[in-house]
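What follows is a single structure, written as structure tokens, with notes after it.
Note that ligands are numbered from 1 as they come in the structure, with each ligand's atoms numbered from 1 the same way.
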Amino acid sequence: MPREFPYRCLNCLDHTVVREFDVSHLTMTCPVCDSFERFVNGDVFDQYEVYESTPPADLDWGKLDRSEKLLVSEHVVRRGHSPADFAVEDSSAVNTQ
Ligand SMILES: [Zn+2]
């Protein structure tokens, strides 16, 4: 039996679709909120919710917007990165450009 992967609507956070392939996200029209939205991988969304309730110690989670939080969650879940890899640069840091 093929594994099934849930994807959650990022607009209403209420609708989940299931697909038989594993990608970071889908983009489709949500039948619940009727909006053309990104649907995020269920594992990524679960990690996002974990960090929302228990922010990672080595990253200034509260400073990120939702899309950045989801990006970090995706990299942690799907690519084996650590939140520290995304540490927000201090704004007073020397510009190295
Ligand atoms: Zn929706």
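- For R66 (side chain) and L10 (main-chain N/O), a donor-acceptor pair under 3.5 Å exists by modelled atom type.
- Inspection of the environment of the Zn ion (ligand 1) yields the following protein N, O or S atoms under 2.8 Å: C9 SG, C12 SG, C30 SG, C33 SG.
- The shortest side-chain heavy-atom distance between P83 and V76 falls under the 4.5 Å cut-off.
- Residues satisfying the salt bridge (charged side-chain N to carboxylate O under 4.0 Å, His left out) criterion with E37, sequence neighbours excluded, are absent altogether.
- In this structure, L71 shares a hydrophobic cluster with no other residue, the cluster being traced through Ile, Leu, Val, Met, Phe, Trp and Tyr side chains under 4.5 angstrom apart.
- Taking the six-membered ring where tryptophan is involved, the planes of H81 and F86 are tilted, since the angle between them lies from 30° to 60°.
- Taking a 4.5 Å side-chain heavy-atom cut-off between Ile, Leu, Val, Met, Phe, Trp and Tyr, the cluster of V32 contains only that residue.
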